[in-house]
Amino acid sequence: MTAALYNATILRLAASIPHDERLPSAQASVEKRSPVCGSRVTVDIVLGADGRVAALGQEVRACALGQASASLMGAHAIGRTPAELDAARATLTAYLAGEGEDPGDWPGLDIFAPARAYPARHASIRLAFEAAAEAARIASHRDVAAA
């Protein structure tokens with residue numbers, strides 16, 4: 001199991017998580033935790049005037065799969081809308097559950113194909129996307145309420 005899941009690409013991504021510092025002035029912060037393994041990801045979001053992610057911070061305390069997922073999320077989240085983050089979260093969840101053969105248009109998610117056979121690993125892989133989608137949704141609601 002370990003060789004198939006923890007390949008060189010996963011380990012490289014896990015070692016290079018972008019936006020790996022918390023934001024001091026986030027519009028929203030969300031922490032997600034995996035009850036199975038204890039992995040934890042906190043994502044901070046700031047939306048720009050156009051409603052897209054303008055700044056992102058994250059604190060990742062997870063296994064290599066969770067770290068790799070946070071790396072992929074962080075590398076491509078800036079400029080995305082809350083709806084795009086939510087769609088990526090939903091597509092990743094369905095992909096891991098075997099409800100489709102395509103991980104969607106978020107770059108790099110196909111590296112998790114071997115993990116589909118290990119449902120106990122899915123929660124850790126989803127954490128960063130779940131936290132980012134929720135934080136962006138909260139930030140967008142706060143932005144509307146402030147207007």
Notebook entry, point to check: Say you draw a straight line from CZ of R121 to OG of S34; how long is it, rounded to the nearest 0.5 Å?
Noted result: 9.5 Å
Checklist line | A64: side chain to side chain contact (heavy atoms under 4.5 Å, CB included) partners, not counting sequence neighbours | finding: Y6, I10, L11, A14
Item checked: Selection residues 25-37 - residue pairs positive for salt bridge (Lys or Arg N to Asp or Glu O under 4.0 Å), sequence neighbours left out -> E31-R33, E31-R40, K32-E134
Next item on the list: Determine the minimum heavy-atom distance between C63 and S124, stating which atoms define it.
Entry: SG-OG, 3.2 Å
Note to self: Which residues pass the ring pair (Phe, Tyr, Trp, His ring centres under 6.0 Å) test with F129, not counting sequence neighbours?
What the structure shows: W106
Note to self: Checking V30 against T42 for the side-chain contact (heavy atoms from CB on, under 4.5 Å) test, could you report, in this order, the C-alpha distance in whole Å, the side-chain angles of both residues, the deciding distance, and whether it holds?
What the structure shows: CA-CA 6 Å; V30 171; T42 305; over 6 Å; no
Margin query: E21: which residues meet the salt bridge (Lys or Arg N to Asp or Glu O under 4.0 Å) condition with it, sequence neighbours left out?
Written below: none
Note to self: So, using side chain to side chain contact (heavy atoms under 4.5 Å, CB included) as the criterion, who are the partners of R52 when residues are at least two apart?
What the structure shows: D50, T81, E84
Check: Which pairs with one or both residues in residues 102-116 pass salt bridge (Lys or Arg N to Asp or Glu O under 4.0 Å), sequence neighbours excluded?
Finding: E101-R116
Note to self: List the residues meeting side chain to side chain donor-acceptor pair (under 3.5 Å) with R80, not counting sequence neighbours, and say none if there are none.
What the structure shows: none
Checklist line | pair R89-D86: side-chain heavy atoms closer than 4.5 Å | finding: yes
Notebook entry, point to check: Between A135 and I45, which heavy-atom pair has the shortest distance, and what is it?
Noted result: CB-CG1, 3.5 Å
Next item on the list: May I ask whether V36 and L96 are part of the same hydrophobic cluster, defined by side-chain heavy atoms of I, L, V, M, F, W, Y residues being less than 4.5 angstrom apart, directly or through others?
Entry: no
Notebook entry, point to check: Are side-chain heavy atoms of D20 and V60 found at a separation under 4.5 Å?
Noted result: no
Please set out all donor-acceptor pairs under 3.5 angstrom arising from side-chain atoms of residues 65-77, sequence neighbours excluded.
| residue | atom | partner | partner atom | Å |
| --- | --- | --- | --- | --- |
| Q67 | NE2 | A62 | O | 2.5 |
| S69 | OG | I125 | O | 2.5 |
| S71 | OG | L13 | O | 3.2 |
| S71 | OG | S16 | O | 3.1 |

Note to self: Run the salt bridge (Lys or Arg N to Asp or Glu O under 4.0 Å) test against R137 and tell me which residues pass, sequence neighbours left out.
What the structure shows: none
Check: Which pair of non-hydrogen atoms, one from I138 and one from A28, has the smallest distance, and what is that distance?
Finding: CG2-CB, 3.7 Å
Next item on the list: Treating Ile, Leu, Val, Met, Phe, Trp and Tyr as nodes and any side-chain heavy-atom pair under 4.5 angstrom as an edge, say whether L127 and Y95 lie in one connected cluster.
Entry: no
Checklist line | Listed partners of P114 passing side chain to side chain contact (heavy atoms under 4.5 Å, CB included), at least two apart | finding: A4, L5
Checklist line | A136 to P82 - nearest heavy-atom pair and separation | finding: O-CG, 3.7 Å
Next item on the list: List for me each residue that meets side chain to side chain donor-acceptor pair (under 3.5 Å) alongside R22, sequence neighbours excluded, and say none if there are none.
Entry: D44
Check: How does the hydrophobic cluster around L23 look, that is, which other residues are in it when side-chain heavy atoms under 4.5 Å mark a link?
Finding: V46
